**Student:** 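My questions all concern the structure below.
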Amino acid sequence: MKVNIEFYEYKLKDLITKKRYEHSLRVVDTALRLAKGLDIDEERLTLAALIHDRGKELADDELVKISINNNRKLEIAEKINPVLLHGPVGAILIKSEWGISDNEILRAVEYHTTACPNMSMLEKVVFLADCLEPERDYNEVRELRDVAQKDIERAFKLTLDYTIWYVIRKGLALHPVTVEARNYVMYYNSAGGT
């Protein structure tokens, strides 16, 4: 796949703040670093990491409206905290506005905040890169970065653990797909998973 990254950089710069754009560039760098030695197409990974926050700066009511207009059923956690919709809405927008139809890129954007069961390696790397980019600053981030350099699957599971604990400690509503993602990892890492 040949991707015109400069075209999407130009489009993205017009839609998000400089701060968010710089975050997106750090996510690209982090994703490419994490993907070294993995069998992931670098251009597709770069594109997914670059545009992952396409929906992030939309107002809550706009996120809800776009979701409803696209027949997307809202989870309770999304009704309580509409910013959780920025991934799914971002995927809707990059498909409808920019014509991106690569399902793996669409899923990477849709689930970059919540994760989901059965994520591809590209999708996991975008999820981790968003959580671990150099400007992220939380207690567990150094440990997670260290683990991610050695073992993406272990880092993915630990990051899901951290995300769930963070949401609980903050008194926020857990998104069910994050719990499903962790259960999926637990099942397929156990002897019972096939």
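All values reported here derive from a predicted model rather than from experimental measurement. All values below were derived from every heavy atom in this structure, side-chain atoms included, with hydrogens, water molecules and symmetry-related copies excluded.
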**Student:** Is there side-chain contact between Glu110 and Cys116, with heavy atoms separated by less than 4.5 Å?
**Tutor:** no

**Student:** Report the residue from Asn4, Asp41, Ile105, Val28 that forms a side-chain contact (heavy atoms from CB on, under 4.5 Å) with Leu47.
**Tutor:** Ile105

**Student:** Which residue is it: Glu123, Met119, Lys124? I am looking for the one with a side-chain contact (heavy atoms from CB on, under 4.5 Å) to Tyr111.
**Tutor:** Met119

**Student:** Any chance you could measure Arg20, atom CZ, to Glu57, atom CD, to the nearest 0.5 Å?
**Tutor:** 5.0 Å

**Student:** Are there more than 12 heavy atoms of other residues, nucleotides or ligands under 6.0 Å from atom CG of Asp14?
**Tutor:** yes

**Student:** For a quick test of reading the model, state the closest non-hydrogen atom pair linking Val126 to Ala49 and the distance between them.
**Tutor:** CG2-N, 4.2 Å

**Student:** Quick one about Ser120 and Glu104 (side-chain donor to acceptor, distance below 3.5 Å, no hydrogens or angles considered), yes or no?
**Tutor:**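 Per modelled atom types, Glu104 and Ser120 side chains form a pair under 3.5 Å.
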
**Student:** Set out, in order, the CA-CA distance, both residues' side-chain angles and the distance that settles side-chain contact (heavy atoms from CB on, under 4.5 Å) for Leu25 and Leu50, then state yes or no.
**Tutor:** CA-CA 6 Å; Leu25 295 179; Leu50 177 70; 4.0 Å; yes

**Student:** Under 4.5 Å between side-chain heavy atoms, counting indirect links through other Ile/Leu/Val/Met/Phe/Trp/Tyr residues: same cluster for Val109 and Ile40 or not?
**Tutor:**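 Same hydrophobic cluster.
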
**Student:** Could you go through Arg54 and Glu97, starting from their C-alpha distance and side-chain angles, then the distance that decides it, and tell me whether this counts as salt bridge (Lys or Arg N to Asp or Glu O under 4.0 Å)?
**Tutor:** CA-CA 11 Å; Arg54 164 60 186 94; Glu97 294 175 346; 2.9 Å; yes

**Student:** Do you know the tightest heavy-atom contact between Val125 and Ala31?
**Tutor:** CG1-O, 3.5 Å

**Student:** Could you check Leu34 against Ile152 for side-chain contact (heavy atoms from CB on, under 4.5 Å), going step by step and ending with a plain yes or no?
**Tutor:** CA-CA 8 Å; Leu34 292 175; Ile152 292 292; 4.1 Å; yes

**Student:** Evaluate the criterion side-chain contact (heavy atoms from CB on, under 4.5 Å) for residue pair Tyr8 and Ile100; output intermediate values, then yes/no.
**Tutor:** CA-CA 11 Å; Tyr8 293 106; Ile100 294 174; 3.7 Å; yes

**Student:** Please report the interatomic distance CG(Leu158) to CD(Glu153), rounded to the nearest 0.5 Å.
**Tutor:**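 The CD atom of Glu153 is 11.5 Å from CG of Leu158, to the nearest 0.5 Å.
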
**Student:** In terms of side-chain heavy atoms, does His86 have a donor or acceptor partner in His52 at a distance below 3.5 Å?
**Tutor:**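 Distance-only check fails for His86 and His52.
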
**Student:** Looking at every non-hydrogen atom in both residues, tell me the closest pair between Val177 and Pro117 and how far apart they are.
**Tutor:**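 It is CG2-CD, 3.9 Å.
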
**Student:** How about Tyr162 and Tyr138: are their ring centres within less than 6.0 Å of each other?
**Tutor:**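 Between Tyr138 and Tyr162, which both carry aromatic rings, the centre distance is below 6.0 Å.
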
**Student:** Out of curiosity, Glu78 CD to Lys73 NZ, how far, rounded to the nearest 0.5 Å?
**Tutor:**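 Rounded to the nearest 0.5 Å, the CD-NZ separation comes to 9.0 Å.
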
**Student:** If two hydrophobic side chains count as joined below 4.5 Å and joins carry through other members, does Ile68 share a cluster with Leu93?
**Tutor:** yes

**Student:** Taking the side chain as every heavy atom from C-beta outward, state whether Asp53 and Ile16 have any pair of such atoms under 4.5 Å apart.
**Tutor:**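 When only atoms from C-beta onward are counted, Ile16 and Asp53 do not touch, as no gap falls below 4.5 Å.
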
**Student:** Got a sec: does the CD of Glu42 have more than 12 other heavy atoms crowding it under 6.0 Å?
**Tutor:** no

**Student:** Within the supplied structure, the quantity of interest is the number of heavy atoms (other residues, nucleotides, ligands) at a distance under 6.0 Å from Lys95 NZ; does it exceed 12?
**Tutor:** no

**Student:** Any chain of hydrophobic side-chain contacts (each under 4.5 Å) joining Leu172 to Leu84?
**Tutor:** no

**Student:** So does Tyr166 have more than 12 non-hydrogen atoms from other groups sitting under 6.0 Å from OH?
**Tutor:**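 Not buried by this count: 12 neighbours or fewer within 6.0 Å.
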
**Student:** Can you tell if the side chain of Glu75 reaches within under 4.5 Å of the side chain of Pro176, non-hydrogen atoms only?
**Tutor:** yes

**Student:** Report the distance from atom CG of Asp29 to atom OG of Ser24, rounding to the nearest 0.5 Å.
**Tutor:**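 One finds 11.0 Å between CG of Asp29 and OG of Ser24.
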
**Student:** Could you tell me whether Lys157 and Asp161 have a side-chain N and a carboxylate O separated by less than 4.0 Å?
**Tutor:**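 Salt bridge: yes.
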
**Student:** If hydrophobic clusters are built by linking Ile, Leu, Val, Met, Phe, Trp and Tyr wherever their side-chain heavy atoms come under 4.5 Å apart, do Leu85 and Leu106 end up in the same one?
**Tutor:**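 No; tracing contacts between hydrophobic side chains, which count when under 4.5 Å, never links both residues.
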
**Student:** Looking at Leu174, is its backbone amide N or carbonyl O close enough to the side chain of Thr178 to form a donor-acceptor pair, meaning the two atoms are under 3.5 Å apart?
**Tutor:**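 Answer holds: no.
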
**Student:** Are a donor atom and an acceptor atom from the side chains of Glu135 and His23 found within less than 3.5 Å of each other?
**Tutor:** no

**Student:** Do Ile51 and Trp98 touch side chain to side chain, with heavy atoms closer than 4.5 Å?
**Tutor:**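 In contact.
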
**Student:** Quick one: do the Asn81 and His175 side chains pair a donor with an acceptor below 3.5 Å?
**Tutor:** no

**Student:** List the atom of Ala108, the atom of Leu122, and the distance in Å for their closest heavy-atom pair.
**Tutor:**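 Where Ala108 meets Leu122 most closely, the heavy atoms are CB-CD2, 3.9 Å.
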
**Student:** What distance do Thr17 atom OG1 and Glu22 atom CD have between them, rounded to the nearest 0.5 Å?
**Tutor:** 8.5 Å

**Student:** Are Val27 and Tyr21 in one and the same hydrophobic cluster, where Ile, Leu, Val, Met, Phe, Trp and Tyr link if side-chain heavy atoms are under 4.5 Å apart?
**Tutor:**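 No, it is not one cluster - the side chains of Val27 and Tyr21 are not joined through contacts under 4.5 Å.
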
**Student:** For a quick test of reading the model, state the closest non-hydrogen atom pair linking Val64 to Pro82 and the distance between them.
**Tutor:**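 Here Val64 and Pro82 meet closest at CG2-CB, 4.1 Å.
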
**Student:** Could you tell me whether a side-chain N or O of Arg145 sits under 3.5 Å from a main-chain N or O of Leu132, the two making a donor and an acceptor?
**Tutor:**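 Present.
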
**Student:** Does a side-chain heavy-atom distance below 4.5 Å link Pro88 with Arg72?
**Tutor:**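 Touching, per the 4.5 Å side-chain cut-off.
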
**Student:** Test side-chain contact (heavy atoms from CB on, under 4.5 Å) on Ile164 and Arg182; report intermediate values, then the result.
**Tutor:** CA-CA 9 Å; Ile164 290 169; Arg182 186 177 184 277; 3.7 Å; yes

**Student:** Once you round to the nearest 0.5 Å, how far does OH of Tyr187 lie from CD of Glu180?
**Tutor:**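 The CD atom of Glu180 is 15.0 Å from OH of Tyr187, to the nearest 0.5 Å.
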
**Student:** Please indicate whether Ile76 has more than 12 foreign heavy atoms, meaning atoms of other residues, nucleotides or ligands, lying under 6.0 Å from its CD1.
**Tutor:**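 No, because the 6.0 Å sphere around CD1 of Ile76 holds 12 heavy atoms or fewer from other groups.
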
**Student:** Identify the heavy atoms of Leu144 and Ala155 that sit nearest to each other, and give their distance.
**Tutor:**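 Looking at all heavy atoms of both residues, the closest pair is O-CB, 4.3 Å.
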
**Student:** Quick one: are Asp130 and Arg136 in side-chain contact, heavy atoms under 4.5 Å?
**Tutor:**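 Yes, at least one pair of side-chain atoms sits under 4.5 Å.
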
